[in-house]
Amino acid sequence: MPNLHLLLKKLGEASVEFVIVGGYAGVLYGSSLVTNDVDICTIVSPGTVEKLRVALRDLHPIHRMTHQRLSFLEHPSAGETVQNLYLETDAGILDVLSQIDGVGDYQRLNAKAIEVELSGYKCRVISLSDLIRAKEAVGREKDLLAAKELRAIAAKRESTP
Amino acid sequence: MTAAEREQAIAEAMRAGFDLSIVDSNLALSPDERALRHDSALELVHALREAGSAYAQSSSAPKKAG
């Protein structure tokens with residue numbers, strides 16, 4: 001069974017620096033849509049890969065988009081550069097992205113991100129306006145629909161004194 | 001967002017089929033509570049999927065001759 005909350009707790013425990021993006025960020029802002037995965041944006045450096053391995057070691061992480069479903073604990077090898085990681089773990093799906101369509105890279109996102117506490121760990125979450133921009137930039141039907149709900153959430157938040 | 005833009009955003013979400021009372025209920029929670037509520041819903045979705053595929057397998061299995 002997925003446990004996305006646990007997945008984020010593990011990342012927090014391993015001091016991985018990231019910004020939560022995608023549908024789970026929407027959930028944290030109050031979206032009613034259920035998402036199957038956690039998407040994070042980070043600088044995908046060898047150091048980050050090592051911290052992610054420490055975080056996910058007990059959750060049997062694999063590269064879900066590889067034919068052989070390679071273990072993330074062994075791939076990528078030292079010196080190999082990667083842009084994104086599409087992982088499946090015992091606690092659910094985790095996508096690690098270095099760039100978000102319509103918004104930019106980790107540093108750009110982090111500059112406007114907000115901080116929330118999850119399971120006692122402080123997590124950075126993409127700003128609501130950036131999340132709406134990202135959903136609209138992707139442009140798939142489901143993302144455009146999600147953007148409509150997020151716009152309503154933004155409106156309600158602004159209306160609240 | 002102007003008041004008119006706020007009204008428009010809410011009207012568009014309702015037209016798209018969103019039940020904004022659920023959003024109101026979520027907004028009354030902390031982000032941590034929203035995440036836990038979401039994960040319970042996701043767990044239910046997975047349990048239903050598993051039950052559905054177990055049912056499909058059992059109903060398509062060849063019947064044994066008595």
Side-chain angles (χ1 to χ4, degrees), chain A residues 1-9 12 20 22-38 90-93 113-126 128-129 132 136 141-160, chain B:
Chain A
M1 282 289 176
N3 185 341
L4 303 182
H5 206 256
L6 172 68
L7 207 45
L8 287 169
K9 187 177 176 213
I20 303 171
Y24 210 75
V27 167
L28 298 173
Y29 280 111
S31 169
S32 63
L33 297 173
V34 176
T35 181
N36 266 312
D37 59 7
V38 171
D90 292 347
I93 290 171
I114 63 157
E115 195 165 76
V116 302
E117 197 168 306
L118 294 177
S119 302
Y121 289 94
K122 291 194 183 343
C123 292
R124 307 281 295 166
V125 183
I126 184 173
L128 185 50
S129 58
I132 293 169
E136 290 178 342
E141 205 167 320
K142 69 170 193 168
D143 292 299
L144 296 175
L145 195 62
K148 282 188 181 176
E149 189 190 34
L150 292 170
R151 283 193 176 279
I153 289 171
K156 281 177 176 285
R157 287 161 59 101
E158 280 189 24
S159 304
T160 309
Chain B
M1 236 187 239
T2 64
E5 285 169 339
R6 288 199 293 270
E7 274 179 33
Q8 191 187 343
I10 288 170
E12 279 186 18
M14 288 170 73
R15 266 199 302 277
F18 286 104
D19 178 350
L20 294 185
S21 69
I22 299 173
V23 168
D24 289 335
S25 161
N26 286 342
L27 290 177
L29 302 173
S30 69
D32 205 19
E33 291 167 329
R34 291 171 198 156
L36 288 171
R37 176 185 275 195
H38 168 273
D39 285 9
S40 298
L42 180 59
E43 212 171 284
L44 180 62
V45 168
H46 276 256
L48 288 171
R49 267 189 210 146
E50 281 176 17
S53 53
Y55 175 76
Q57 278 181 352
S58 67
S59 59
S60 66
K63 303 263 186 294
K64 283 186 180 172

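Residue numbering restarts at 1 for every chain, and letters A, B, ... go by the order of the sequence lines.
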Handout entry: Proximity breakdown for B:Ala11 and chain A, heavy-atom pairs closer than 4.5 Å
Key = neither
Problem - Over all atoms of both residues, closest heavy-atom pair of B:Ala9 and A:Ala152 - result: O-CB, 3.9 Å
Exercise for the section: Measure the spacing between CD1 of A:Ile153 and CG of B:Asp24 and express it to the nearest 0.5 Å. Expected result: 9.5 Å
Exercise for the section: For residues A:Lys156 and B:Leu20, determine if any side-chain heavy atom of one lies less than 4.5 Å from a side-chain heavy atom of the other. Expected result: yes
Practice task
Return the option, out of A:Asn3, A:Val27, A:Val125, with the maximum number of heavy-atom pairs under 4.5 Å with chain B.
Solution key: A:Val27
Fill in the blank from the handout: Closest heavy-atom pair, B:Ala13 versus A:Lys148, reported as atoms and distance to 0.1 Å, is CB-O, 3.7 Å
Handout entry: B:Leu42 side chain reached by A:Asn36 side chain, heavy atoms, under 4.5 Å
Key = yes
Practice task
Check the surroundings of atom CE in B:Met1: do more than 12 heavy atoms from other residues, nucleotides or ligands lie under 6.0 Å from it?
Solution key: yes
Exercise for the section: Answer yes when A:Arg151 and B:Glu12 have at least one side-chain N-carboxylate O distance shorter than 4.0 Å, and no when they do not. Expected result: no
Problem - Flag side-chain contact, heavy atom, 4.5 Å: B:His46 against A:Pro2 - result: yes
Problem - Interchain contact, B:Glu7 with chain A, by part (heavy-atom threshold 4.5 Å) - result: neither
Practice task
Mind listing the closest non-hydrogen atom pair of A:His5 and B:Ala35 along with its distance?
Solution key: CD2-CB, 3.5 Å
Completion exercise
Between B:Ala41 and A:Val34, the two heavy atoms sitting closest are CB-CG2, 4.0 Å
Fill in the blank from the handout: Bottom line for B:Leu29: the part with an atom under 4.5 Å from chain A's heavy atoms is neither
Practice task
Can you establish whether the number of heavy atoms outside A:Glu141 located under 6.0 Å from its atom CD is more than 12?
Solution key: no
Problem - Shortest non-hydrogen contact between A:Leu28 and B:Arg34, atoms and distance - result: O-NH1, 2.6 Å
Exercise for the section: May I ask you to decide if A:Leu118's main-chain N or O and B:Asp32's side chain share a donor-acceptor pair within less than 3.5 Å? Expected result: no
Problem - Engaged part of A:Glu149 at the chain B interface, taking heavy atoms whose separation is under 4.5 Å - result: both
Problem - Interchain contact, A:Tyr29 with chain B, by part (heavy-atom threshold 4.5 Å) - result: backbone
Handout entry: B:His38 vs A:Leu33 side-chain heavy atoms within contact, under 4.5 Å
Key = no
Handout entry: Shortest non-hydrogen separation from A:Val116 to B:Pro31 and the atoms involved
Key = CG1-CG, 3.9 Å
Exercise for the section: Could you look at A:Ser31 and say if it's the side chain, the backbone, both or neither that has a heavy atom under 4.5 Å from chain B? Expected result: backbone
